[in-house]
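Structure first, commentary second.
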Number of protein chains: 2
Amino acid sequence: MAAVLPLADLRQQGRPGTWLNTIIKGDCVAALEALPDRSVDAIFADPPYNLQLGGTLHRPDQSLVDAVDDEWDQFASFQAYDAFTRAWLLACRRVLKPNGTIWVIGSYHNIFRVGAMLQDLNFWLLNDIVWRKTNPMPNFKGRRFQNAHETMIWASRDAKAKSYTFNYEALKASNDDVQMRSDWLFPICSGGERLKGEDGKKVHPTQKPEALLARVIMASTKPGDVILDPFFGTGTTGAVAKRLGRNFVGIEREQDYIDAASERIAAVEPLGKAELTVMTGKKAEPRVAFNTLVESGLVKPGQVLTDDKRRWSAIIRADGTLAAGGDAGSIHRLGAKVQGLDACNGWTFWHYEDGKSLRPIDNLRAVIRNGLAKLD
Amino acid sequence: MAAVLPLADLRQQGRPGTWLNTIIKGDCVAALEALPDRSVDAIFADPPYNLQLGGTLHRPDQSLVDAVDDEWDQFASFQAYDAFTRAWLLACRRVLKPNGTIWVIGSYHNIFRVGAMLQDLNFWLLNDIVWRKTNPMPNFKGRRFQNAHETMIWASRDAKAKSYTFNYEALKASNDDVQMRSDWLFPICSGGERLKGEDGKKVHPTQKPEALLARVIMASTKPGDVILDPFFGTGTTGAVAKRLGRNFVGIEREQDYIDAASERIAAVEPLGKAELTVMTGKKAEPRVAFNTLVESGLVKPGQVLTDDKRRWSAIIRADGTLAAGGDAGSIHRLGAKVQGLDACNGWTFWHYEDGKSLRPIDNLRAVIRNGLAKLD
DNA sequence: GGTAGCGTTGAATCGTTGA
DNA sequence: ATCAACGATTCAACGCTAC
C-alpha cells in the first residue's frame, strides 16, 4: 500500500522527503501550506467542476443518470468558487519549482474561472489542451450539443520561466513524426481500469483515464521528477507517475478515496530504465565547436564548403572560421551573410564533398559526438 | 453593395429596422447603445484576442511570421481587457432578445476571461465548442504543443431562458444521424475564400471560415432571424447570414474592412426557401393524440397492444385509453404502470402486430402526420 | 494536359549560453 | 543586469512554374 500521511504528522516532522510518494490526508490548502517552497516539478489538478445541476436527469429509457452531486462539488456562488480556486492555486504556486508547470482540467462550468485566475496570479499559459472523448455521455434532452470534450490548461509558474520541461522530440516521435497537437483523443475511464467498490458501484464519480495522465506526464516531466496532485481522488496521477518512474504527492480528504488509491498504487509495477528513456533532439546534445572539426582533421584548412545547391562557397581557415569573397566569420555568420539573412545554422547550411554527393557538416559533428574514428 | 450606416445617422433616425442588413460604422459599444432593446435573435462575436507577442518569430527557413500585431489587438493589461469585455458584453445583452443566444470565439489568450465575464454577467453557458483546425500553423520552435484549435462559447441570455433556438434534429440528420458533438473540424480560411487586396495581401488578419459560421447559424437561428456581429471585420457573419436567409447587423470601425465586407455581401446569392427548410424534431411537430389513431381507424377499439418483447399487453378502448388488468389510462401512464416506472413514452413502448412483426405505434402517428393513406 | 516540385502562408503569448 | 553568439526549428493547403 502507498503510505498515507496524516496532515498533523507532516506538520510535526517536516523532514524533507518524508512526504514523497505518500497521500497526505487533509484539506487541500492546509496540506499544501505544510509542504516546502519550490519542492515539486509539476502539478496535475482535477478540482471540483462546480457543476450546476438543476434537479435530476433521466435517460430516454427513464433510467436515472448518476450525476456528480457530491458535497465537495457544491459552491454557493461563482464568488465562492473563485475564492476557493484562488486559494489552492496560490498555495500550489508556492510549492512549485521556478521552472515547474501546472496542469488543470475542467469543463465549461469551471475552466474559464480557473483560466482567468491562473492569469491573474501570474501563471503563464502555455497551451490549452482539449481532451476529445471517444465515448462521451450523450445529451439526453436534445437541447444542446453533445458535451464531448474537457479542457486542460498547461501553464508555467511565470512568463519568464523558459526552461520548463517539454519533451518535444519524444512526443513528435510517438505521433507519426508530426508535432503533437492541442487536441487529444482518448476514451473515458471505463472497463477494468474503472475502480469499483464491493457494491459494484464506481468509487469516484470523475476518475480520469490513465492514458490522459500518461501523456501529460510524459510530455512535461522527467524521470525522477516530483508530481503533485492536490485533488488526488483515487490516485490516477500517482499510479501513472509510479509506473513512469516519477515521484508523486497526493492530497485527499476522503478516506474512501485514499483507501482505493493506496491499494491501487501499491499494485503498480514501475517500468524499467530502458523503457523510460526519453527521446531527445539536438537541443540536448553537447555543443561542438566547428574548430574541433578542424583540429581533429575531419575538415582541413583550405577545403571548400558550399550550400546544398552549390550557389555559395567558402574556404575553411586554420582558425576555424570561414572566408568567402571579402567576408569572413563563423560558419553561422558567414552563412547568414552570403544569403542576406539575419541568422543561419551553419551546421546544416554548409556542405562538404563526399565522393559525388554533398553532405552537411552537421554529419561530421555527429562523428565527434559519437566518438567515432576519424574518417581519413 | 451592402448598405453602410454611419453611427450618427443611426442615432438620428432611430426608425425601427433601418439598421437591418447594414454595417454600422463606429465604435462597438457606442453602436450597440444606439440599437433598441431586445432586437436581435443571435450574436456572433469575434473580439480581439489580446495576443501578447514578445518579438518577431521566424520559421525554420528564416522567413518571418506575419503576426497579428494590429493596433486593435493591443491592451495594456488583463484589467483593461476585462473592462473592454464587460462593456461590449453588457451592451450585447441589452439588445439580445430574452430567448436569444450569443456566440463568442477566442483562443487561450482571451477566452477564459470572456467565459468568466459571461458568467459574471448572468449569461448561461450552454456549450463550449472546439474548432479543430485541419491545417493550423505549426509551433516553429518546438517549445509547446501545436496550437491546433480555437474555442467558442455558446450562451443564452440568462439561465431561465429555456426556449432558445437549437435545431437539434437538423444537426443530427446532417451528422450521420448521431447528435452533433462539441468538437468541430474545419480548415482555416484560405484559398479563394480568403479576401485579398489589390496588393495580394490578406485584407483581414483573422478572417473566419464560412463553414464555421454556417454551422453556428444553422444550429442556433431560424430563417428570418436577426444576427448581430459587433466585430464585423470583413463580414463573414453577414455573408453567411444572407446566404442562409437570415438578417444581419454588423458593427465595424475600420473603413477598409467595411469596404471589403460590403462588396462581399452584395455578391452573395441567398438560398431559396426550399433549401432553407429546417428539419425539425418531434418537439416541433404537430401533436397527435392517440385518440386520433382510433378515430382514423389506424387502430381499433378492442385491439391488443404489447411491448416489443410481448411481456405486457393492453387493450385499446374506444375513448383512446388503454386497459390492462385492473388498470387503465393513457398510453403513457399505463406503460409506466405495468413497468413500475415513474414515466414512459407510450408511443415507443407499445407495439401493434403488423403481419409477423411488432411495430411501435409511433409509426402510425407518422402516418397521420404525413397525411398518408389509411393502411386498412 | 497532368503532375512533380518548389515557394508561400496561417490569431504565435515559440531559446540558451557565456562573456 | 545586458549583449552577442550559437544554432535549433514546421504542417497542411494553395498556387505557380517547369516539364
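Quick caveat, the model's predicted, so the values are computed rather than measured. Here is the naming used below: chain letters follow the sequence lines, and residue numbers restart at 1 for every chain.
- Using a 4.0 Å heavy-atom distance criterion, Thr134(B) is classed as a sugar-phosphate-only contact.
- To the nearest whole angstrom, the two P atoms, one in dA12(C) and one in dA5(D), are 30 Å apart.
- Taking atom CG of Asp61(B) as the reference point, atom P of dC6(C) lies 14 Å away to the nearest angstrom.
- In this entry the distance linking CZ of Phe166(A) with C1' of dT9(D) reads 13 Å, nearest Å.
- The side chain of Glu150(B) lies closest to dA11(C) when the candidates are dT16(C), dA11(C), dA12(C).
- Taking only side-chain atoms of Arg287(A), from C-beta outward, the nucleotide of dA11(C), dC6(D), dA8(D) with the closest atom is dC6(D).
- For the pair Leu341(A) CG and dA8(D) C1', the interatomic distance rounds to 15 Å; values are reported in whole Å.
- In this structure, Arg113(A) fails the cation-pi test against Phe112(B), since its NZ or CZ atom is not both closer than 6.0 Å to the six-membered ring centre and inside 45 degrees of the ring normal.
- The nucleotide whose nearest atom lies closest to any side-chain atom of Leu57(B) is, among dA11(C), dC14(C), dT16(C), dC14(C).
- Nucleotides dG7(C) and dA11(C) are separated by 23 Å at their C1' atoms, to the nearest Å.
- Inspection of the Gln207(B) and Lys202(B) side chains reveals no N or O donor paired with an N or O acceptor under 3.5 Å.
- At dG7(D), one or more side-chain N or O atoms of His332(A) fall inside 4.0 Å of OP1 or OP2 (strictly under the cut-off).
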Quiz item: What pattern of brackets, bars and dots sums up DNA chain D from 5' to 3', given Watson-Crick or G-U wobble pairs under 3.5 Å, [ ] for crossing pairs and | for another strand?
Solution: .|||||....|||||||||

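- Of the listed nucleotides (dT10(D), dT16(C), dA12(C)), dT10(D) has the atom at the smallest distance from the side chain of Pro60(B).
- Only Ile188(B), Arg194(B), Lys202(B), listed by number, bring a heavy atom of residues 184-203 of chain B to less than 4.0 angstrom from any atom of DNA chain C.
- Between the side chains of Thr292(A) and Arg365(A), not a single donor N or O lies within less than 3.5 Å of an accepting N or O.
- Minimum atom distance to the side chain of Glu169(A) is reached by dT9(D), of the listed dA11(C), dT9(D), dA12(C).
- An OP1 or OP2 oxygen of dA8(D) is reached within less than 4.0 angstrom by a side-chain nitrogen or oxygen of Arg365(A).
- A distance-only check finds no donor-acceptor pair linking the side chain of Tyr168(A) to the backbone of Lys141(B) [under 3.5 Å].
- A donor and an acceptor atom sit less than 3.5 Å apart, one in the side chain of Gln62(B) and one in the base of dT9(D).
- Looking at Ile43(B) and Pro230(B), their side chains come closer than 4.5 Å, going by heavy atoms from C-beta outward.
- Listed in residue order, the members of residues 111-132 of chain A having a heavy atom less than 4.0 Å from DNA chain C are Gln119(A), Trp124(A), Leu125(A).
- OP1 or OP2 of dT10(D) sits under 4.0 Å from a side-chain N or O of Tyr168(A).
- A donor-acceptor pair under 3.5 Å links the side-chain atoms of Gln179(A) to the main chain of Asn139(B), judged by distance alone.
- Of the possible polar contacts, none joining the Arg157(A) side chain to the Ile102(A) backbone as a donor-acceptor pair under 3.5 Å is found.
- Between Trp72(B) and Tyr257(B), the ring planes are perpendicular. Angles over 60° get that label, and only those under 30° would be called parallel.
- In this structure, Arg215(B) forms no cation-pi arrangement with Phe186(B), as its terminal cationic atom is not both closer than 6.0 Å to the ring centre and no more than 45° off the ring axis.
- Here Lys172(A) does not reach the OP1 or OP2 of dT9(D): none of its side-chain N or O atoms lies under 4.0 Å away.
- The shortest distance between the side-chain N/O atoms of Asn147(B) and the OP1/OP2 oxygens of dA12(C) is not below 4.0 Å.
- Residue Pro209(B) is classed as having no contact, given no heavy-atom separation below 4.0 Å to the nucleic acid.
- Proximity of Arg143(B) to the phosphate of dT16(C): a side-chain N or O atom is located under 4.0 Å from OP1 or OP2.
- A distance-only check finds a donor-acceptor pair linking the side chain of Gln52(B) to the backbone of Asn50(B) [under 3.5 Å].
- Residues Lys141(B) and Pro138(B) both approach DNA chain D. Their nearest nucleotides, taken by heavy-atom distance, put Lys141(B) toward the 5′ side.
- One atom, CZ of Arg181(A), and another, P of dA12(C), lie 14 Å apart when rounded to the nearest Å.
- Considering only the side chain of Asp73(B), dA11(C) comes nearest among dA11(C), dC14(C), dA8(D).
- A donor-acceptor contact under 3.5 angstrom links the side-chain atoms of Arg59(B) to the base of dG10(C).
- Of the candidate nucleotides dA12(C), dA13(D), dA11(C), dA13(D) has the atom nearest to the side chain of Asn135(B).
- Heavy-atom nearest nucleotides on DNA chain D were determined for Val288(A) and for Val178(A), and the one closer to the 5' end corresponds to Val288(A).
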